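A quick write-up on the structure given underneath.
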Amino acid sequence: MGRTLVELFYDVVSPYSWLGFEVLCRYQHIWNIDLRFRPAFLGGIMQSTGNKPPAMLPKRAEYLQKDIIRMAKYYQVPLTVSEDVFQRILGKNSLGAMRFITAIDMTQPKYLEPLSREFWLRFWSQHEDISQVESILAVAEKAGLSSELTQKLLEMTSSPAVKNRLRETTEEAIKYGAFGMPAVVAHVNGKPHLFFGSDRLELLASIIGEKWLGPVPSAPSPKM
């Protein structure tokens with residue numbers, strides 16, 4: 001049996017993307033999968049599909065605040081909700097951060113996982129800005145990037161290559177049927193299967209023929 005390609009389209013402004021990201025990171029060495037991170041731009045997906053932020057519906061926003069807290073505890077991810085969480089999401093643009101992440105994906109993919117995690121930690125655990133250059137510099141330092149590499153990446157964010165790559169990845173997610181994030185795409189027998197959200201990973205396991213061991217799995221003991 002060959003390995004199954006599983007793609008995760010995500011944006012670091014999305015809390016549910018973080019939950020899905022961490023769970024898939026835990027499973028990538030348990031399931032027979034090749035996990036590919038696909039940084040994309042949530043704002044572009046929302047605009048293209050006509051979707052609206054959940055925070056624009058008061059009752060849904062009220063529910064989401066509780067749901068995010070419950071999910072974070074269940075998934076064991078240090079995600080917390082500030083009082084002004086939805087104002088922060090609606091008032092800040094993640095485009096600069098996602099271009100920076102795209103640049104690292106194009107040049108130094110080994111840093112992609114820790115860098116993405118640090119952006120989530122800054123925005124969703126520390127409730128700090130991720131849109132300004134100073135914020136990106138702080139995140140890059142915590143992820144272990146040298147100042148020279150960080151400066152090179154910052155210069156790349158305004159290049160056509162990075163802008164086009166992020167746009168193309170976002171458009172690819174939309175072609176698969178994404179209307180929000182996270183969007184998980186499993187390629188089974190030459191056919192893509194789209195799963196929306198971080199609460200469909202048990203169904204993902206069923207489709208790819210793997211066992212769901214909960215959000216915090218332990219690796220199975222080796223057979224004797």
Side-chain angles (χ1 to χ4, degrees), residues 6-31 33 35 37-40 42 46 51-92 94 97-98 101 112-130 135 138-139 142-143 178-186 194-208 210-221:
V6 175
E7 300 181 274
L8 172 66
F9 293 86
Y10 68 94
D11 187 316
V12 292
V13 79
S14 163
Y16 292 103
S17 287
W18 189 13
L19 299 176
F21 172 90
E22 294 296 355
V23 174
L24 286 173
C25 282
R26 296 164 188 166
Y27 273 97
Q28 64 179 326
H29 302 301
I30 298 176
W31 288 346
I33 62 172
L35 178 60
F37 298 122
R38 305 298 306 278
L42 178 57
M46 300 290 277
N51 198 357
K52 301 293 182 184
M56 295 180 70
L57 296 173
K59 278 298 180 182
R60 189 175 181 188
E62 182 181 331
Y63 171 80
L64 283 179
Q65 284 186 295
K66 299 174 183 177
D67 186 59
I68 291 171
I69 294 171
R70 288 186 303 222
M71 292 283 282
K73 182 178 180 180
Y74 179 61
Y75 281 61
Q76 296 186 28
V77 174
L79 189 161
T80 59
V81 179
S82 61
E83 291 184 0
D84 63 342
V85 58
F86 294 118
Q87 290 86 346
R88 292 175 64 237
I89 294 174
L90 296 174
K92 296 295 183 180
S94 62
M98 295 314 299
I101 293 171
L112 184 57
E113 180 181 329
L115 180 69
S116 299
R117 182 175 290 113
E118 288 298 337
F119 270 109
W120 272 307
L121 282 166
R122 183 175 179 87
F123 191 81
W124 284 103
S125 291
Q126 302 158 10
H127 306 145
E128 296 182 22
D129 177 77
I130 58 169
S135 303
V139 168
K142 285 202 168 187
F179 52 88
M181 287 186 173
V184 181
V185 179
L194 172 71
F195 303 87
F196 170 67
S198 58
D199 58 349
R200 293 293 183 269
L201 301 181
E202 185 173 355
L203 181 58
L204 166 67
S206 175
I207 294 293
I208 65 177
E210 295 287 351
K211 187 174 181 180
W212 173 248
L213 303 171
V216 188
S218 57
S221 301

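All values below were derived from every heavy atom in this structure, side-chain atoms included, with hydrogens, water molecules and symmetry-related copies excluded. The structure presented is a predicted model; accordingly, all values stated were derived computationally and were not measured.
Partners of Glu118 according to the salt bridge (Lys or Arg N to Asp or Glu O under 4.0 Å) rule, which considers only residues two or more places apart in sequence or in another chain, do not exist here. With sequence neighbours excluded, no residue forms a salt bridge (Lys or Arg N to Asp or Glu O under 4.0 Å) with Arg26. Partners of Glu113 by salt bridge (Lys or Arg N to Asp or Glu O under 4.0 Å), not counting sequence neighbours, listed by chain and number: Arg117. Judged as a ring-ring contact (aromatic ring centres under 6.0 Å, His included), and not counting sequence neighbours, the contacts of Tyr27 are Trp31, Trp212. Applying the salt bridge (Lys or Arg N to Asp or Glu O under 4.0 Å) criterion to Lys59, with sequence neighbours excluded, gives Glu62. For Phe196, the ring-ring contact (aromatic ring centres under 6.0 Å, His included) test picks out Phe179, with sequence neighbours left out.
The shortest heavy-atom contact between Met98 and Ala40 is CE-O, 3.3 Å. The two residues Pro215 and Val23 make their nearest non-hydrogen contact at O-CG2, 3.8 Å. A pairwise comparison of heavy atoms in Asp11 and Leu42 identifies OD2-N, 2.9 Å as the closest pair. Shown here for Ala178 and Leu194, the closest heavy-atom pair between the two residues is N-CD2, 3.7 Å. When all heavy atoms of Leu79 and Ala72 are compared, the closest pair comes out as O-CB, 3.5 Å.
No more than 12 heavy-atom neighbours from other residues, nucleotides or ligands sit within 6.0 angstrom of CD on Glu202. Remark: Arg38 CZ is packed, more than 12 non-hydrogen atoms of other residues, nucleotides or ligands lying under 6.0 Å away.
No side-chain heavy atom of Ile68 sits under 4.5 Å from any side-chain heavy atom of Thr80. Between Asp199 and Met71, the closest side-chain pair of non-hydrogen atoms falls below 4.5 Å. Considering only heavy atoms from C-beta on, Pro15 stays 4.5 Å or farther from Phe123 through its side chain.
Between Phe37 and Phe9, the distance from one ring center to the other does not fall under 6.0 angstrom. A ring-centre distance under 6.0 Å is not found for Tyr10 and Trp18.
When each of Leu213, Ile207, Ile208 is tested with Glu210 by the rule side-chain contact (heavy atoms from CB on, under 4.5 Å), just one qualifies, namely Ile208.
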